[in-house]
Amino acid sequence: AELTVLVLAALLQVVQLGLYGVAANLQVGPSYSLSSRDEQKPVTGTAGRLQRALDNHFEALILFAVAVVVVTLAGKASALTAGCAWTYLGARVLYIPAYAFGWTPWRSVIWTVGFLATLVMLRAALF
């Protein structure tokens with residue numbers, strides 16, 4: 001289950017990249033998107049929030065991947081770690097609209113749920 005969720009989380013990253021790409025391209029225009037981008041053109045609003053959510057998932061995905069690999073290789077996979085993996089994925093799915101639409105304080109709550117699920121998996125790998 002944990003490896004399946006890891007693949008789904010990676011695919012979610014691809015979806016996030018697409019969402020951000022579309023929003024950013026609509027904002028900056030195709031001439032900038034197709035250019036060498038020597039000059040930075042920051043994105044704002046929803047596109048900027050989608051970019052930050054994408055960056056955040058890159059960071060969270062690294063730690064989650066470590067948790068999945070260690071749990072799997074250590075033979076510590078269990079119903080608990082599977083449940084944590086699915087919880088992480090659910091939190092990451094909810095994090096996208098929470099960040100994009102500015103759901104305060106829910107964005108932080110959702111992030112914390114995913115982070116704690118990852119920490120529980122790491123702890124399970126050790127004990």
Side-chain angles (χ1 to χ4, degrees):
E2 294 84 354
L3 290 171
T4 298
V5 174
L6 180 58
V7 171
L8 293 173
L11 292 173
L12 177 62
Q13 188 79 350
V14 172
V15 169
Q16 280 189 265
L17 185 59
L19 291 171
Y20 161 65
V22 168
N25 284 322
L26 287 172
Q27 191 174 105
V28 300
S31 60
Y32 177 76
S33 296
L34 296 172
S35 74
S36 61
R37 299 182 201 166
D38 290 332
E39 294 179 22
Q40 293 289 349
K41 196 171 196 181
V43 292
T44 59
T46 301
R49 289 190 299 275
L50 286 171
Q51 180 182 32
R52 291 188 298 277
L54 174 67
D55 292 344
N56 183 275
H57 194 209
F58 273 115
E59 296 165 1
L61 189 57
I62 292 168
L63 190 58
F64 178 70
V66 168
V68 169
V69 168
V70 173
V71 162
T72 302
L73 291 179
K76 301 285 182 117
S78 67
L80 174 65
T81 60
C84 287
W86 286 108
T87 299
Y88 168 85
L89 184 61
R92 294 314 308 187
V93 167
L94 290 173
Y95 190 77
I96 300 166
Y99 210 134
F101 301 122
W103 297 349
T104 305
W106 300 109
R107 175 184 62 90
S108 296
V109 171
I110 292 165
W111 179 89
T112 301
V113 168
F115 183 70
L116 290 176
T118 302
L119 288 180
V120 170
M121 289 180 70
L122 289 169
R123 188 174 190 290
L126 290 175
F127 301 105

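Connection of F101 to V93 is not established within any shared hydrophobic cluster, with ILVMFWY side chains joined at heavy-atom distances below 4.5 Å, either directly or through further cluster members. At a threshold of 4.5 Å between side-chain heavy atoms, the hydrophobic network of Ile, Leu, Val, Met, Phe, Trp and Tyr places L50 and V28 in one connected group. One hydrophobic cluster, built from ILVMFWY side chains closer than 4.5 Å, cannot hold both L8 and V66; they sit in different ones. Under the 4.5 Å side-chain heavy-atom criterion for Ile, Leu, Val, Met, Phe, Trp and Tyr, V15 and Y20 are members of the same hydrophobic cluster. W86 and M121 fall within a single hydrophobic cluster, where Ile, Leu, Val, Met, Phe, Trp and Tyr are joined by side-chain heavy atoms under 4.5 Å apart, directly or via other members.
A donor-acceptor pair under 3.5 Å is formed between the side chain of T118 and the backbone N or O of G114. A donor-acceptor contact shorter than 3.5 Å is absent between the side chain of Q16 and the backbone of I96.
Contact between A82 and A1 at its shortest, heavy atoms only, is CB-CB, 3.8 Å. Here the closest non-hydrogen pair linking V43 and Q51 is CG2-OE1, 3.5 Å. Contact record, E39 with Y32: O-OH, 2.9 Å, taken as the closest heavy-atom pair. Contact detail for A60 and R92: the closest heavy-atom pair is CB-NH1, 3.7 Å. V113 and A91 get closest at one heavy-atom pair: CG1-CB, 4.4 Å. For the residue pair T72 and V68, the shortest heavy atom distance occurs at OG1-O, 2.7 Å.
Side-chain contact check for E2 and T81: at least one donor-acceptor pair (N or O, by modelled atom type) lies under 3.5 Å.
Atom-to-atom distance recorded for L116:CG and Y88:OH is 13.0 Å, nearest 0.5 angstrom. Put simply, OG1 on T112 and CZ on R107 are 9.5 Å apart, with the number rounded to the nearest 0.5 Å. Note that CZ of F115 is 6.0 Å distant from CG of L63, once rounded to the nearest 0.5 Å. Here L122 contributes atom CG and F64 contributes atom CZ; the two are 10.0 Å apart, rounded to the nearest 0.5 Å. To the nearest 0.5 angstrom, L61 atom CG is 9.0 Å from L12 atom CG. Interatomic distance, CZ of R123 versus SG of C84, reported as 11.5 Å (0.5 Å rounding).
The aromatic rings of Y99 and Y95 sit perpendicular, their planes meeting at an angle over 60°, well past the 30° parallel limit.
More than 12 heavy-atom neighbours from other residues, nucleotides or ligands sit within 6.0 angstrom of CZ on R52.
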